[in-house]
Engineer: 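Before we start, here is the structure in question, set down as structure tokens.
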Amino acid sequence: MKPSPADPAATFYWGAATAAYQIEGSPLADGAGRCIWHEFSHTPGNTHAGDTGDVACDHYHRFAEDVRLMRDMGLGAYRFSIRWPRILPEGTGRVNPAGLAFYDRLLDELTAAGIEPFVTLYHWDLPAALQRRGGWSNRDSAGWFGDYAALVAEKLGDRVRSWTTLNEPFVVAEQGHLVGAHAPGIRNIYATGHAIHNQLRAHVAAWYALKASRPQASVGIALHNAAVWPASQSEDDVSAAAVAHAWHNFPLFLDPLVYGSYPAELEPKLSPYLPRGYENDMEGLRVPPDFVGINYYTGYLVHHDPGQWIGFGAEKEPEAPRTAMNWIIRPEGLHAILSEVHRRYKLPTLFVTESGAAFDDHLSNGAVHDPERTAYLQSHVEAVLRARDDGVPVQGYFVWSLLDNFEWARGYSLRFGIVYVDFRTGERIVKDSGRWYGELARTRSIATP
Ligand code: IFM
């Protein structure tokens, strides 16, 4: 069902999601600056087979074709991200008009196709120039991000109602600053704590900037989630699962934004690594978002593990069904996460901003038969609809991803798309799962109470 322009909340959005660095290619075209993923992926040894986002899906040149594809599939919404250094090559200061013009054309195409844009401001491509100044470890990062948000809102905000500030700030902090498997490739627990806290401050700065420029805008944040259950009912495993949940799921960011404090289960472990005097920021962080975006892929069992700094480990579960990412398939966890977000915060709107799976796809005779992905999507959509029936105000579902794309450190070795991309020619082929999802989007309209 197409959204009603008069009342964006009166419909349920069936959409698909992407991120700039993963699909656009041409990262330095027309005056754009380097981002941290450009530098990270060009550094030998950091990504599968040395893959980079230099070409990716060439969406930078094929965006009009991609919008037509979504329109023809019947999708009502598209979640994409803006690449900060396309617009501000050094991250602050000098504006690159050609970068703005690209997103302007994309928004025009979407508007003409009747597809609702859901814009994410930050999906991991920090301007490299800002990393040289300390990146998310620098307290000034909140101001840099707020200024960028204000610029985008002013220049592009006339066609955008729904803004996501940050995508998965937990993954930025953990994979980028603790594990070092993602850009900027840091392994420092203090940098991790600073990245968590400063991204929260940046989200709030952007929230105010967007509201100042576009008072009607709906502003939220998209958060990483993996459902966890204790491996046993022992006290140790139960409390390990509570810490795991607080650490990598929505509470790490929503507790500060809604209640002005870090989750109680976590704060004793986390506080030594947060910036000194972080307590003084907490009241200012209490700015409940208009919506929360739930990114959900997997769930697992947790046991107590004193050998880990955070005190938990994952059970092996050899029999559990998995995707090509080796992630366990647990649709019931999506229902559990949505239900708990609603119970704990009572925010007006939730979206599933990412949901999907990588499988080993093959193109044969011009078709991609991917029944596992269709089954995965079907079971997760059912979990969402059950949550809605229970009264959880979920307003949309975005498949990750529209296109096969650059899967970060895993490069092009994993395919998440509902549309197959031939990376030699750039050709797009709608997979069977894409046909199934398009049919759902065209025919399944859901009224909001
Ligand atoms: O590809 C990523 C995306 O950029 C963020 N969320 C998880 C996806 C699959 O790993």
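Given the structure is predicted, the values throughout are model-derived calculations rather than measurements. Read the numbers this way: they start at 1 and go in the same order the structure lists the ligands and their atoms.
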Engineer: For A358, check side-chain contact (heavy atoms from CB on, under 4.5 Å) against everything at least two apart and list the hits.
Structural biologist: A324, L414, F416
Engineer: Taking only residues two or more places apart in sequence, or in another chain, which ones meet R62 in a side-chain contact (heavy atoms from CB on, under 4.5 Å)?
Structural biologist: D58, E65, D66, R428
Engineer: Name all residues meeting the side-chain contact (heavy atoms from CB on, under 4.5 Å) criterion together with T92; count only those two or more places apart in sequence or in a different chain, and write none if there are none.
Structural biologist: L130, R133, W144
Engineer: Present, as a list of atom pairs with distances to 0.1 Å, all nitrogen or oxygen contacts under 3.5 Å between ligand 1 and the protein.
Structural biologist:
residue: ligand 1; atom: 1 (O); partner: Q22; partner atom: NE2; Å: 3.0
residue: ligand 1; atom: 1 (O); partner: W400; partner atom: NE1; Å: 3.3
residue: ligand 1; atom: 1 (O); partner: E407; partner atom: OE1; Å: 2.6
residue: ligand 1; atom: 4 (O); partner: Q22; partner atom: OE1; Å: 2.8
residue: ligand 1; atom: 4 (O); partner: H123; partner atom: NE2; Å: 2.7
residue: ligand 1; atom: 4 (O); partner: W408; partner atom: NE1; Å: 2.8
residue: ligand 1; atom: 6 (N); partner: E168; partner atom: OE1; Å: 3.3
residue: ligand 1; atom: 6 (N); partner: E168; partner atom: OE2; Å: 2.9
residue: ligand 1; atom: 6 (N); partner: E354; partner atom: OE1; Å: 2.5
residue: ligand 1; atom: 10 (O); partner: E407; partner atom: OE2; Å: 2.6

Engineer: With a 4.0 Å cut-off on N to O distance, would you call D108 and R159 a salt bridge?
Structural biologist: yes
Engineer: Does the cation-pi check pass for R105 over F63, that is, NZ or CZ under 6.0 Å from the six-membered ring centre and within 45° of its axis?
Structural biologist: no
Engineer: Between D404 and Y412, does any side-chain donor sit less than 3.5 Å from a side-chain acceptor?
Structural biologist: no
